[in-house]
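For reference, the structure is listed below as structure tokens.
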Amino acid sequence: MQHWLLKTEPDTFSLADLEKRPGQTEPWNGVRNYQARNFLRAMQVGDQVLIYHSSCEVPGVAGVAEVVGAARADETQFDPKSEFFDPGAKRENPRWSLVDVRFVATFPKFVSLTDMRAQPALKGMRLLSPGNRLSVMPISPAEFRKIRALGGLK
DNA sequence: GCCAACGTTGGC
DNA sequence: GCCAACGTTGGC
């Protein structure tokens, strides 16, 4: 089993929104970066995911979700009305993928970016490197456990 | 709103 | 294939 971190802007779609979805499940669409896409394609059902809130008052990790559907074509790439439409995407060979993600838990304590920066154990995290813009990234099991513990989950 | 970092685009 | 220009991300 692998661990990942997914970024989302909570004003657009938050962990609380995921919790309210039917089946508490959502297709994680709109990823339009090749490196992030390749990580999505490497995900497997059962993988654990940290949900990170970005571009908001207090950026940080809100809680945990899990992968319930492996990578498949992101239909929004073919939809001219979608903000994620990609005129270069071909049906025969879809350019962009998504995974289906299901809500697991909201942290009793929100783990802010500042909290994480204060942890020596998290020093090496890609999320914390300056100018990091990747919206999907792998997390080591130790980092995952550490952040979950900071969030107040066992 | 500013600005640094980074990915993408496009001219050559 | 290089690289400058440009657009976007995202913290502050």
Side-chain angles (χ1 to χ4, degrees), chain A residues 2-21 26-43 47-67 71-101 103-140 142-153:
Chain A
Q2 291 177 279
H3 301 86
W4 309 91
L5 183 143
L6 290 175
K7 280 187 197 171
T8 182
E9 299 189 12
D11 294 342
T12 306
F13 188 80
S14 68
L15 182 62
D17 293 326
L18 178 62
E19 188 177 9
K20 288 180 227 145
R21 279 287 192 271
E26 180 77 359
W28 204 264
N29 60 22
V31 172
R32 294 293 181 270
N33 167 284
Y34 286 103
Q35 202 176 359
R37 179 206 68 182
N38 292 342
F39 286 137
L40 288 176
R41 290 181 176 178
M43 289 184 187
D47 283 359
Q48 298 294 111
V49 175
L50 296 173
I51 301 296
Y52 178 87
H53 287 171
S54 68
S55 294
C56 55
E57 204 161 327
V58 185
V61 179
V64 183
E66 71 178 325
V67 177
R72 58 189 172 88
D74 180 346
E75 288 300 316
T76 62
Q77 71 193 293
F78 307 120
D79 179 4
K81 294 192 297 294
S82 170
E83 61 176 311
F84 303 124
F85 178 61
D86 180 352
K90 299 269 181 293
R91 276 247 171 235
E92 318 81 74
N93 183 22
R95 182 176 290 173
W96 305 112
S97 302
L98 60 75
V99 296
D100 293 281
V101 161
F103 174 84
V104 172
T106 299
F107 285 155
K109 287 180 293 180
F110 184 84
V111 181
S112 72
L113 187 58
T114 314
D115 293 338
M116 290 188 279
R117 288 199 195 284
Q119 292 294 327
L122 301 177
K123 261 282 191 317
M125 274 185 78
R126 180 168 203 164
L127 178 71
L128 305 183
S129 62
N132 158 64
R133 288 167 39 192
L134 201 58
S135 62
V136 181
M137 69 189 85
I139 294 281
S140 79
E143 289 162 351
F144 184 89
R145 278 195 303 274
K146 181 72 189 174
I147 292 168
R148 197 176 49 180
L150 289 171
L153 292 182

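All chains are named by letter (A, B, ...) in the order of the sequence lines, taking the proteins before the strands, and each is independently numbered beginning at 1. Being a predicted model, the structure only gives us computed values, none of them experimental.
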Report summary line: Rounded to whole Å, the OH-C1' distance (A:Tyr34 to B:dT8) equals 10 Å
Query raised in the report: B:dG7 P sits how many Å from A:Arg37 CZ, rounded?
Result: 15 Å
Requested in this report: Starting from C1' on B:dA4, measure out to CG on A:Leu134 and report it in whole angstrom.
Outcome: 17 Å
Query raised in the report: Hey, is the side chain of A:Lys7 poking within less than 4.0 Å of OP1 or OP2 on C:dG10, counting only N and O atoms?
Result: yes
**Report entry** Minimum-distance nucleotide to A:Ser55 side chain [options: C:dG10, C:dC12, B:dT8]
**Finding:** C:dG10
Query raised in the report: When you look at A:Thr76 and A:Asp79, which way does the side chain to side chain donor-acceptor pair (under 3.5 Å) test go after all the steps?
Result: CA-CA 5 Å; A:Thr76 62; A:Asp79 179 4; over 6 Å; no
Query raised in the report: NE2 of A:His53 versus C1' of C:dG11: gap in Å, rounded?
Result: 16 Å
Query raised in the report: To the nearest Å, how far apart are A:Arg32 CZ and B:dG7 P?
Result: 18 Å
Query - Nearest-Å distance for atom pair CD/C1', residues A:Glu57 and B:dG1 - result: 16 Å
Query raised in the report: Does OP1 or OP2 of C:dG11 have a side-chain N or O of A:Tyr52 closer than 4.0 Å?
Result: yes
Requested in this report: Quickly work out the A:Leu128 CG to B:dA5 P distance and round it to whole Å.
Outcome: 16 Å
Query raised in the report: In whole Å, what is the span from the CG atom of A:Asn132 to the C1' atom of C:dT8?
Result: 13 Å
